[in-house]
J.: 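Let me give you the structure first, and then I'll get to my questions.
A note on names: the letters A, B, ... follow the listed sequences, proteins ahead of strands, and every chain is numbered from 1.
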Number of protein chains: 2
Amino acid sequence: MSALTTDHDLVSTFGLLMEAYNSLERQLGDSLEREVGVPHTWFEVLLRISRAESGLAPMGCLAEQVALTGGGVTRMIDRMVAADLVERVPCAKDRRVVYAALTPQGRELLDKAILVHDDNLRRILADFSAVELDQLETTLRRLRTARLAG
Amino acid sequence: MSALTTDHDLVSTFGLLMEAYNSLERQLGDSLEREVGVPHTWFEVLLRISRAESGLAPMGCLAEQVALTGGGVTRMIDRMVAADLVERVPCAKDRRVVYAALTPQGRELLDKAILVHDDNLRRILADFSAVELDQLETTLRRLRTARLAG
DNA sequence: GCACGATAGTTGACGAGTCAACTATCTAGT
DNA sequence: ACTAGATAGTTGACTCGTCAACTATCGTGC
């Protein structure tokens, strides 16, 4: 019996998750890029820095949240520093860690981007009921921490 | 008023979607790579070829489904051809289009990968009720086709 | 039946992230 | 106090996908 003829609902569901995420990511990312001039990944980083304790986010912490490796974050922050959106702040307690912090321009750009992004989401999700979005959110929250091993 | 103090539930929900997808993708992709020796993206391509009409998937069609550009698909198929998992089949009706088709090795690898992937998903989603997964699936299906413009 | 614009795929130059090796710093065990 | 091992971040070499330019083919209107 070949894969063609077998039921693999979960495989399809996961494929659906992939397609849904990719579709939204592309549309929202394009809009952000076009209207605010910021790539979606940068937006997510700016957002997470702004939400961090005292506005200071250690590199490694960002890496987890945006699903990059340490090296990847180093390079992205390099570019964002070059663009004057972010600055590196050494940590006094632990001299190995380097924080990322928003510059005024970074904060300003983020505020602009949030408005655009939020508005886009409202339009994309206009047809979704509050209940449906609520269910989605709780399921996503559980999915985020679901682990294969252990 | 700064972004820090404003409610943007949808922005957070989308962030959640991103984190959930990334987390699952990484775990499942690592497992596939480790146990079957195939990258997750290749798996998705193999799967979609196998599901295509007569097992023949036009390049452009794959591009849409796995969220790549045309050039990206060309290069990925190049590598998969080099690995003997896939072959290019010219279309007789329209000589511009090139199909991708599974080789016997490709089909064999796919079958193996599906079992592993499906099993992984069962374990990751063990705590999710059938109802919850059903709701998730219908919501994802709607999300996949949600459009910002129009 | 031909010229035009649209479409499918490929390619060169490039941008962005990964991996592994390395430095610097911290922490625990003795 | 000192060493061994863990941890945070950076860097070089490389892979992968993008973008834009290009080729080849198709379809339409005249």
J.: Please name the pair of heavy atoms, one in B:Phe43 and one in B:Ala113, separated by the smallest distance, quoted to 0.1 Å.
T.: CD1-CB, 3.6 Å
J.: Let me know the distance between CD of A:Glu44 and C1' of C:dG17, rounded to the nearest Å.
T.: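 In whole Å, C:dG17 C1' lies 17 Å from A:Glu44 CD.
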J.: Can a side chain N or O of A:Arg88 be found less than 4.0 Å away from OP1 or OP2 on D:dG9?
T.: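 No, no such contact exists.
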J.: Can you check side chain to side chain contact (heavy atoms under 4.5 Å, CB included) on A:Leu68 and A:Thr41, steps first, answer last?
T.: CA-CA 10 Å; A:Leu68 289 182; A:Thr41 36; over 6 Å; no
J.: Check the distance between C:dG17's P and A:Leu62's CG and give it to me in whole angstrom.
T.: 13 Å
J.: It should be established whether B:Arg96 places a side-chain nitrogen or oxygen under 4.0 Å from OP1 or OP2 of nucleotide D:dG27.
T.: no
J.: When you check every protein heavy atom under 4.0 Å of nucleotides 15-20 of chain D, what one-letter string (B, S, -) results, 5' to 3'?
T.: -SSBB-
J.: Using atom CD of A:Glu64 as one end and atom P of D:dT7 as the other, report the distance to the nearest whole Å.
T.: 13 Å
J.: Strictly below 4.0 Å, N to O, side chains only: are B:Arg88 and B:Asp78 in salt-bridge contact?
T.: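 Yes, this pair counts.
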J.: Of the listed nucleotides (D:dG9, D:dC26, C:dA8), which one gets closest to any side-chain atom of A:Met59?
T.: D:dG9
J.: Kindly give the heavy-atom pair with the smallest separation between A:His40 and A:Gly29, and that separation in Å.
T.: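 Heavy-atom minimum between the residues: CB-CA, 3.9 Å.
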J.: Could you go step by step and tell me if A:Arg123 and A:Asp119 meet the salt bridge (charged side-chain N to carboxylate O under 4.0 Å, His left out) rule?
T.: CA-CA 6 Å; A:Arg123 275 188 286 156; A:Asp119 191 56; 3.6 Å; yes
J.: Specify the separation, in whole Å, of atom CG of B:Asp78 and atom P of C:dT11.
T.: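 From B:Asp78 CG to C:dT11 P: 7 Å.
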J.: What do the steps show when you test B:Ile124 against A:Phe14 for side chain to side chain contact (heavy atoms under 4.5 Å, CB included), and what is the final call?
T.: CA-CA 11 Å; B:Ile124 280 194; A:Phe14 179 71; over 6 Å; no
J.: Kindly point out which of D:dG9, C:dG9, C:dC26 is positioned nearest to the side chain of A:Asp94?
T.: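 Of all the options, the side chain of A:Asp94 is nearest to C:dC26.
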